[in-house]
Amino acid sequence: MLRGALRFRAKPGLLGRGLNTRKGGSTLDWAGKVPEIKKKIQSFLPGGDWNPLYDTSHLPPERTDVVIVGGGVLGLSVAYWLKRLEKQRGAIQVLVVERDHTYSRASTGLSVGGIRQQFSLPENIQLSLFSVDFLRNINDYLAVVDNPPLDLQFNPSGYLLLASEKSAAMMENNVKVQRQEGAKVCLMSPEQLQNKFPWINTEGVALASYGLEGEGWFDPWCLLQGLQRKIQSMGVVFCRGEVTRFVSSSSHMETMSGEEVTLKRIHEVHVKMDHSLEYQPVECAIVINAAGAWSGQIAELAGIGRGPPGTLQGTKLPVEPRKRYVYLWHCPQGPGLETPLVADSSGAYFRREGLGNNYLGGCSPTEEEEPDPGNLEVDHDFFQDKVWPHLAQRVPAFENLKVRSAWAGYYDYNTFDQNGVVGPHPLVVNMYFATGFSGHGLQQAPAVGRAVAELVLEGHFQTINLSSFLFSRFYLGEKVKEHNIF
Amino acid sequence: PRVGHKRIQYLHLVAPLWNGGTRGIRGMSSAVAPEGNQSKWGKLLQFLADRFYDVEALREYLFQKQVSKIHQKNRSFTYIKERYGPYVAGAYFILKQGGAVKFQGKEWIRSSGRGHYSLEFLNFQATPVEAVDASGCAINYQGLDNLLALKELQSLQLQRCPHVDDWCLSRLYQLADSLQELSLAGCPRISERGLACLHHLQKLRRLDISDLPAVSSPGLTRILVEEMLPNCEVLGAEWTEGLKLGPEKQSRGTASPIPA
């Protein structure tokens, strides 16, 4: 307050000086006197270098419209579309809360960065088609004045999926669906495969599907940076902190059959600051759970799943972190420039990395041998025992290779049906989900962000109908199974 | 390991004339300059934007307008396509952009410096287009639709096209059955990632990949492309090119990837 008063006093002084200049009078005197007077007033005040009681500029705002929990590529994409689809400039205030601002454990940066349309569900194909269009025009969508254009480093090399005798029929069906949705995918017989990619051993391959357009891999970090840059220019507040508590009110109701239902509404989100005990309660209207692998914890924090099992209240968000390894190896005689991302029928996959005969790949472990997701340490034996044999069998050149490095990342694994969860929770009415994409969240993020933003702003899906990805399917037991997950 | 290739007889389908001189260069320079930076108007806007936030919105609007102008230029002519067929529609698109086309057994048709061209090609509805010279045209991913409909296209010149990028190259597989000559020389946005898609074009006999500033290691890329297309003569990008990093190379950096 005092400081404000001081400023107020100083201002007429400056104004006076301005007027004097115009008159051409005693300008020099004034110019010297103003700081002198300022100094005098300051010396009267106790403490000299006085600050307001408490500087709160590092804290998130006290109230905002939407709080997005998780600043990964999905959370940022929701923020971007909320701001882009708002009816009026500045109509909606958005706060993104990210716990790990270096993204050291975030799935976004640790991803292999692939994008494909070869899914079995029409929804997934549509999401991916929209996203590839977004990525192609990324410099139109995410252009920021005075910033250099983004270099997405998209490798349009396509995906090559191999099917055994057993799964060939399913692959044929999937490709039919993909083509109906507009994806450019072709089927290949083992002979055609051998002609096109002579380095593949076609033993045990009955059918292959190969993406011709809009499939490949890109730099996930670039997309993340681009989104971050853009949303900040659009006025979204980005905050480094952790959501520790939801303050909500509940109202009890009874259904016709006498069941008691508790509807909850979140009013405040407590955001704990990084490396401190300080927290800021943020009043908000809508919370978006885009916490990726940890979104199950956030849901629990909001009271989702706390209830007798078998009821809607007792239905948990079935999303948990699953550790996946990625290995980078060097193989001098390996496949050349034309190499697509090859996904073997055994589940192992690999792709070319750069020009120097480097490749990276991995394999999803079976349900029984799931590693402990507590840390991000790499199990090198897993490559020796589970990945390499499959790779060497498929590509004989990989008999001789040298692992250069490896890392691990998390899948936001949906244990129910390996598909995303989108839309509001039926009981905690203002919590929306954008999570659970089990490894294909990065490539679908642009489209999912738009879908969630439409749901928030319009109340229904407009571009892509994702009603089969709503939370209620966990309670109703309706699995929407995606077959192409690796 | 360079793959030895036998001597190949070139199809002499390359346009005899250098494309409209000034037009090509001017067309490109205006597209390469980020948001008309060099003009006075651009400088004024820059000056204002540094001081007032609202001007940023105006600049963003102008940027969006520029983008939509390129989109507008690359739209397909559905009416012409329906009435005259894909060949005429493709030829019309290219001529309108300032390029040149060659119908099978006919002479090259190109627009004059002012963008005029004779309309006699409207009668060639049944004659396939065998060569297109789109050098310096503002053709992009969308506009490529018009070219991909020309199923008998044997020679495609895309020299110094500012909007042709890796995404465009990934669509050329649709011409795999006919394309024999392809020139991508001087395209500022093409990198080795896009060149990797050319493995679909197994009929290709001649590929020009010289002077691509976005390719990180031109020498290695050329070797890999030659391995990928063993029957094709690859021009440009000498293997020594990656070794010398003279000042000459720096000056070429003006043709860096651009927004829009």
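The basis for the numbers below is simple: all heavy atoms, side chains too, and nothing from hydrogens, waters or symmetry mates. Quantities reported herein were computed from a predicted structural model and do not represent experimental measurements. Just so we're on the same page: letters track the sequence lines, and every chain starts at 1.
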| said: Are more than 12 heavy atoms, taken from residues, nucleotides or ligands other than A:K176, located less than 6.0 Å from that residue's NZ atom? | reply: no
| message | With a 6.0 Å cut-off (strictly less than), is the heavy-atom count around CD of A:Q333, excluding the residue itself, greater than 12? | response | no
| task | Mind telling me whether B:W167 and A:F154 have parallel, tilted or perpendicular rings, with 30° and 60° as the class edges? | result | parallel
| said: To check you understand the geometry: which heavy-atom pair defines the closest contact between B:D166 and A:P156, and what is its length? | reply: O-CG, 3.8 Å
| message | Testing the basics here: between A:S157 and B:A196, what is the closest heavy-atom pair and its distance to 0.1 Å? | response | OG-CB, 4.3 Å
| Ring-face cation contact, B:Y141 with A:R136, 6.0 Å cut, 45° max | yes
| query | Can you tell if the side chain of A:L212 reaches within under 4.5 Å of the side chain of B:R171, non-hydrogen atoms only? | reply | no
Within this structure, what is the [atom1]-[atom2] distance for the pair [X] and [Y], rounded to the nearest 0.5 Å?
{"X": "A:N137", "Y": "B:H71", "atom1": "CG", "atom2": "NE2", "value": "5.5 Å"}
{"X": "A:D140", "Y": "B:I70", "atom1": "CG", "atom2": "CD1", "value": "8.0 Å"}
{"X": "A:E338", "Y": "B:C197", "atom1": "CD", "atom2": "SG", "value": "11.5 Å"}

| request: Run the salt-bridge test on A:E353 and B:R193 with the 4.0 Å N-O cut-off and return the result as yes or no. | output: no
| query | Checking B:Q202 against chain A: side chain, backbone, both or neither under 4.5 Å from a heavy atom? | reply | neither
